[in-house]
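One structure is given here, and the rest of the page talks about it.
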Number of protein chains: 2
Amino acid sequence: MVQDGTFHLIERLGSLLRSEQRRLGAPHDLEPVHLQALAYLSRANRYSDTPIAVAEFLGLTKGNVSQRLMALERAGLLTRRPDGTDGRVVHLAPTARARTLLRALTPPPGWRAALQTAGIDEAAMVSALTALLAGLQRANAQRTFGQCQTCRFLRREKGGFVCGLTLEPLTPADTQLLCREHESAA
Amino acid sequence: MVQDGTFHLIERLGSLLRSEQRRLGAPHDLEPVHLQALAYLSRANRYSDTPIAVAEFLGLTKGNVSQRLMALERAGLLTRRPDGTDGRVVHLAPTARARTLLRALTPPPGWRAALQTAGIDEAAMVSALTALLAGLQRANAQRTFGQCQTCRFLRREKGGFVCGLTLEPLTPADTQLLCREHESAA
DNA sequence: CCCAAGTGGTATTGCAGCGATACCATCTGT
DNA sequence: ACAGATGGTATCGCTGCAATACCACTTGGG
C-alpha cells in the first residue's frame, strides 16, 4: 500500500529505537526489554510497579517478564519489596545505578537534537500520538497506562489530589506517573 | 524524565505494534521480524530488494537476516533470483501468498480506525515523522531508505523519470518505492 | 592485467528472549 | 467456607540475534 505512511514511519522508528537500545545496552549486558522494563518502572506509580503491570505494559507474558526481572535484580538494577497488605504482590524499584543508566540512554543520544531540527511541535505531537495510542488500546481492550492527571478517577480536593479508586492522597508528582488503573477522562 | 513525551509515546507504540505482530503472525508461524522483512520487500525498489538492504533497513546483522530469509523461502513466502550482472547479489520478492498475508495484517486491524477517530492530519504527521526519522538516521550515519520521489538523484525528464545514479528510467510507481541509495533532496 | 581491498552472502556457534504450560500462594465474593 | 480469580514463579522448547569465520565476486589502482 502506498498510503499508511504514518504506520510505516512509526514502525520504522520503533525498529530503529530497538536496534539503538540493543547497541547502547550491550556494553552493560542489557537487552532492549531490560531497558524498556526499567524505563517503565521509573515512570510507574505505587499501584503499577509490579511484574504483572510490566508484562501488560510491554505486551509480554507474565512468565517471561518474571524471568527478565530476576535477571535485573541479579544485576543490581532492581529491588523487590513485598506489598504491605496483599501477600501476592511485590513492588519493584530501579536502583540508583539503574536510574543513572536510564538518564544516559533514554532517550538515545541524538533524539532531542533530531526533534529540534525537525521543527516538531511537541505538544501537538504528544496529543496526537496519545489519541492514536488510546484508540489502538481501546480496539484491543488493553489498559491505557496514562498519567493520573488525565484519569477520570482523579479528584482535586482542597489541599491536593486524591485517587477516586483507592481514596488515597496523591502528590502533584504522583499525578504525572503512569497507572495501571488509568481510564481516560473523556 | 517528565518530558520526552514524544519519545515515550513512539517507543510505546512500537512495543504495541510488535506484540500485535507477534499475536497476528503466530497462526501463520511468523515472528515479528518476518512480517517486517516482507513488508519492507514489498516496498523496496529493484536496487534494494536484497538481503543486505533488509539487514540495514531493520538494523540487524546480515548473518541473522540471511537465516530469517531462508526460513521465509522454505515457508513459500519469498523467492530468490540471482542478479543479472553482479554475481554476488540476489533479489528477493514476496510471493503472492505473502502479499495477501501482508494486506491482511499490515497495518493491524484497528489501526486505520484509530487514526481516524484520533483526528490526525496524516500529511502533517508524515512530514513531521519523516523529518524526525531523517534526523536520527543522520546522527547515526545510517541510510535513509526514502522514496525516489524525494531523492536528490531523481531526474524528471520528458517522458518520465530517470535515476541519476544508475541512469535507468523509472516508472511513476517506481518513484514511490524505497531505495537503499536514497539521499534527501534538501 | 593482476592482485589487494571491499562487498554481498552463507554457515556455525552460543546465548537469551519469549510463549506455553504447569503450579503455588493469596485474595475476593457469594 | 469454598470456588474462582489474580499475582507470581519454575521449567521446557523454540527461535531470534550477534559474533566469527568463511567463500564468491567485484572493483580499483599499480
How many angstroms lie between atom SG of B:Cys163 and atom CD of B:Glu181, to the nearest 0.5 angstrom? 8.5 Å
Starting from C1' on C:dT10, measure out to CZ on B:Arg74 and report it in whole angstrom. 13 Å
What's the CZ-P distance between A:Arg68 and C:dA16, to the nearest Å? 10 Å
A:Arg180 has a side chain; which of D:dC17, D:dG7, C:dG8 sits nearest to it? D:dG7
Between B:Leu69 and A:Gln67, the residue closer to the 5' end of DNA chain C by nearest nucleotide is B:Leu69
Please say whether more than 12 non-hydrogen atoms of neighbouring residues, nucleotides or ligands are located less than 6.0 Å from CD in B:Glu122. yes
A:Leu72 CG to D:dT9 P: how many Å, rounded? 13 Å
Closest-nucleotide ordering on DNA chain D, the 5'-leading residue of A:Ser66 and A:Arg18: A:Ser66
DNA chain D: 5'-proximal contact among A:Arg22 and A:Val89 (nearest heavy atom): A:Val89
From the options C:dG19, C:dT10, D:dC17, select the nucleotide whose nearest atom is closest to the side chain of B:Arg80. C:dT10
Grab the CG-C1' distance between B:Leu60 and C:dT10 for me, whole Å please. 16 Å
Under 4.0 Å between a side-chain nitrogen and a carboxylate oxygen: does that hold for A:Asp174 and A:Arg46? yes
C:dC18 P sits how many Å from A:Met70 CE, rounded? 14 Å
Does atom CD of B:Glu168 have more than 12 heavy-atom neighbours from other groups under 6.0 Å away? yes
Once hydrogens and angles are ignored, does a donor-acceptor distance under 3.5 Å link the base of C:dT7 to the side chain of B:Arg88? yes
A:Ala71 or A:Asp86: which one's nearest nucleotide on DNA chain C is closer to the 5' end? A:Ala71
Out of D:dA18, C:dC18, D:dC17, minimum distance to the side chain of A:Asn64 belongs to C:dC18
Indicate, with a heavy-atom threshold strictly under 4.0 Å, whether A:Ser19 touches base, sugar-phosphate, or nothing. nothing
Under 4.0 Å between a side-chain N or O of B:His34 and OP1 or OP2 of D:dT15? no
Qualifying residue for side-chain hydrogen bond (donor to acceptor under 3.5 Å, both in side chains) with B:Asp49, from B:His91, B:Arg43, B:Arg180: B:His91
Whole angstrom is fine here: how far is it from NZ in B:Lys62 over to P in D:dT20? 14 Å
To the nearest Å, how far apart are A:Leu24 CG and D:dA18 C1'? 16 Å
Rounded to the nearest angstrom, tell me the gap between atom CG in B:Leu30 and atom P in D:dG16. 10 Å
Of the candidates C:dC18, C:dG8, D:dT26, the side chain of B:Ile52 sits closest to C:dG8
